[in-house]
Protein chains: 2
Amino acid sequence: MTRATTLRRDAQRTALLDAAERRIADAGLTALKARDLASEVGCAVGALYTLVADMDEVVLRVGSRTLGRLDAALTASAASAAAGTPAARLVAIARTYADFAADNLHLWRALFEFRLADGRALPDWSAEEQIRLFRHIDAPLSALRPDLPDAERHLLARTLFSAVHGIVVLGLEGKLIAVPRAGLHGQIAMVVEAIAHGLAAGQGSGNGNR
Amino acid sequence: MTRATTLRRDAQRTALLDAAERRIADAGLTALKARDLASEVGCAVGALYTLVADMDEVVLRVGSRTLGRLDAALTASAASAAAGTPAARLVAIARTYADFAADNLHLWRALFEFRLADGRALPDWSAEEQIRLFRHIDAPLSALRPDLPDAERHLLARTLFSAVHGIVVLGLEGKLIAVPRAGLHGQIAMVVEAIAHGLAAGQGSGNGNR
DNA sequence: ACCATATTATGAACATCGTTCATTTCATAT
DNA sequence: ATATGAAATGAACGATGTTCATAATATGGT
């Protein structure tokens, strides 16, 4: 394969992912169809499979883009809050996460609505991207509790993320009981501050685990 | 329709839901197929649609059973912990939730993996069942903060549920980073106790909302 | 008991997916 | 210019949920 063809095929793949991203952003993951994608990109269905292995790869690669933008947003947020207390930094990150989710609803949902078929494992590069996000939580946590061993702090970071994620999911899901953004921010601040306070209190003594 | 036929059809419907429940429990929601179900129950595919409107109804009704068992577990747990502090009662309920999720993994996952097609709304009876569960959280919360207006306390109950739910989801999902049950209980206790402590501290003054 | 009518069961057919494959078209290198 | 290998095509395949003409069955009136 010559250099020119490689470039052309990369451009095609990019166009494919652009179209897929637009579709998911507009109408959600379930609206992403192979035939639509092919016609949008201007090729036959079969040609898709020379650009990607299957639809899962499309979703994963769009997810990668979303994770990249989320990472950038969290990085910016962490930088803005860098001067504050660890608790304030954690709250800032959590709120940035909530805002990102609200502003990128369908793409964000696609990140975790997507389930691989039984037996198929997440590619390493995808799993690694997800794990990398935790560093934004890990850093303020280090400041808050420098005494904790890495493993325990990582577990805490996961827990903190999960708690906030859960609040955001439920807050953004029911149109009926939709929580306005200010209310969502308030709930997040309450939870994150309470945990940060609890962690600071636990310093030196027990670790809060049972 | 005579009484005998009503009974017979109810029995068929029950057999259908039994089979569906078994299938989901064994192999997850994605393994539930109309044709499998029909052959398991011993009828033609078309006959399914005289017992239920569509597959969504099957999933919803199995979900209803799961919610019923979850409710019973939470009720029992709340009764056992009734003598403790509000914080301890909240922790007990959260742990019961985590245990139920772990012990009924596929059925529990089916509760929220299932998404209605665009536009279709949850039946009222299903939404109401879900909301009823919050009362288990609401009660200890009332003891903890009798000063809070109902609406605010309900929002808090939702937040608390979401946070714990998030932790349980992530804790039970990755086989890679699987958190052992004791670790999961530890994380839950930490978070719930921290929030309870924060709420108790907030009594009388501000409400922790921004 | 018998038949007219309404209800229910049947399973082939349909629509919609993702995916594959024989075939054609195209690009590259000699 | 032609031979060879890569890429594109779109019909076909296998699942899937759902529907429908038809057959079987149950119900109720006489």
Side-chain angles (χ1 to χ4, degrees), chain A residues 1-17 19-21 23-24 26-63 110 113-120 123, chain B residues 1-17 19-21 23-24 26-63 110 113-120 123:
Chain A
M1 190 156 62
T2 191
R3 170 149 181 77
T5 43
T6 307
L7 281 172
R8 179 173 48 83
R9 291 183 59 72
D10 279 356
Q12 287 175 317
R13 211 188 317 266
T14 301
L16 177 72
L17 295 182
E21 188 173 23
R23 190 81 184 114
I24 296 175
D26 288 350
L29 186 56
T30 59
L32 185 71
K33 313 284 167 180
R35 284 169 180 79
D36 292 354
L37 219 45
S39 84
E40 171 114 12
V41 172
C43 69
V45 271
L48 294 182
Y49 295 84
T50 68
L51 298 171
V52 291
D54 50 27
M55 280 293 157
D56 283 5
E57 186 184 334
V58 173
V59 178
L60 246 26
R61 298 200 108 97
V62 171
E113 274 179 6
F114 171 71
R115 315 289 311 164
L116 252 34
D118 277 346
R120 317 230 318 184
Chain B
M1 190 156 61
T2 192
R3 170 150 181 79
T5 41
T6 307
L7 281 172
R8 179 174 46 84
R9 290 182 60 72
D10 278 357
Q12 288 175 316
R13 211 189 317 267
T14 301
L16 177 72
L17 294 183
E21 188 173 23
R23 189 80 185 117
I24 296 176
D26 289 351
L29 186 57
T30 59
L32 185 71
K33 312 285 168 181
R35 284 169 180 77
D36 292 354
L37 218 46
S39 83
E40 172 113 13
V41 172
C43 68
V45 270
L48 294 181
Y49 295 85
T50 68
L51 298 171
V52 292
D54 51 27
M55 281 294 151
D56 283 5
E57 186 184 335
V58 172
V59 178
L60 246 26
R61 298 199 108 96
V62 170
E113 274 179 6
F114 170 70
R115 313 290 311 162
L116 252 36
D118 277 346
R120 317 231 316 185

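Just the heavy atoms: all of them, side chains too, but no hydrogens, waters or symmetry mates, feed the values below. Reminder, nothing fancy here: chain letters follow the sequence lines and each chain counts from 1. Quick caveat, the model's predicted, so the values are computed rather than measured.
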Which residues share a salt bridge (charged side-chain N to carboxylate O under 4.0 Å, His left out) with B:Arg13, sequence neighbours left out
B:Asp10

Residue A:Asp118 excluded, over 12 heavy atoms near CG under 6.0 Å
no

Between CD of A:Gln12 and CG of A:Leu48, what distance do you get to the nearest 0.5 Å?
10.5 Å

Show me the protein contacts with nucleotides 22-25 of chain D, counting only N or O atoms at under 3.5 Å.
none

Between CG of B:Leu37 and P of D:dG17 the distance, given in whole Å, is 9 Å

Go through residues 52-63 of chain B and report each residue with a non-hydrogen atom lying under 4.0 Å from DNA chain C, sorted by number.
none

With a 4.0 Å cut-off on heavy atoms, is B:Leu32 in touch with a base, just the backbone sugar-phosphate, or nothing at all?
sugar-phosphate

Would you tabulate the nitrogen or oxygen pairs shorter than 3.5 Å linking the protein to nucleotides 10-14 of chain C?
{"unit_1": "C:dT10", "atom_1": "OP2", "unit_2": "B:Ala44", "atom_2": "N", "d": "2.7"}

Angle by which the axis turns from one end of the helix from C:dA1-D:dT30 to C:dT30-D:dA1 to the other, five pairs per end, to 10 degrees
10°

Residue pairs fulfilling salt bridge (charged side-chain N to carboxylate O under 4.0 Å, His left out) with at least one residue in residues 52-61 of chain B, sequence neighbours excluded:
B:Asp54-B:Arg120, B:Asp56-B:Arg120, B:Glu57-B:Arg61

So, is B:Gln12 near the phosphate of C:dA9, with a side-chain N or O under 4.0 Å from OP1 or OP2?
yes

Residues in salt bridge (charged side-chain N to carboxylate O under 4.0 Å, His left out) contact with A:Glu113, at least two apart in sequence or another chain
none

Which residues pass the salt bridge (charged side-chain N to carboxylate O under 4.0 Å, His left out) test with A:Arg35, sequence neighbours left out?
none

Tabulate below the donor-acceptor pairs under 3.5 Å that side-chain atoms of residues 36-43 of chain B make, not counting sequence neighbours, or state none.
{"unit_1": "B:Ser39", "atom_1": "OG", "unit_2": "B:Asp36", "atom_2": "O", "d": "3.2"}
{"unit_1": "B:Glu40", "atom_1": "OE2", "unit_2": "B:Arg22", "atom_2": "NH2", "d": "3.0"}

Starting at CZ of A:Arg8 and ending at C1' of D:dA8, how long is that distance when rounded to a whole Å?
10 Å

Rounded distance (Å) that lies between atom P of D:dA15 and atom CG of A:Asp118:
17 Å

Distance, rounded to the nearest Å, where A:Leu7 contributes CG and C:dT28 contributes P:
12 Å

Apply side-chain contact (heavy atoms from CB on, under 4.5 Å) to B:Thr14 and list each qualifying residue two or more places apart in sequence or on a separate chain.
B:Asp18, B:Arg65

Could you state the atom-to-atom distance from OH of B:Tyr49 to C1' of D:dT19 in whole Å?
9 Å

When you measure from the side chain of B:Arg9, which nucleotide among D:dA7, C:dA9, D:dG17 comes out closest?
C:dA9

Can you name the residues that form a salt bridge (charged side-chain N to carboxylate O under 4.0 Å, His left out) with B:Arg23, not counting sequence neighbours?
none

If you take all heavy atoms of A:Ala110 and A:Ile24, which pair is closest and at what distance?
CB-CG2, 3.9 Å

Heavy-atom closest contact (B:Val58 atom, B:Leu32 atom, distance):
CG1-CD2, 4.2 Å

From CG of A:Leu51 across to C1' of C:dT20 the rounded distance in Å is 16 Å

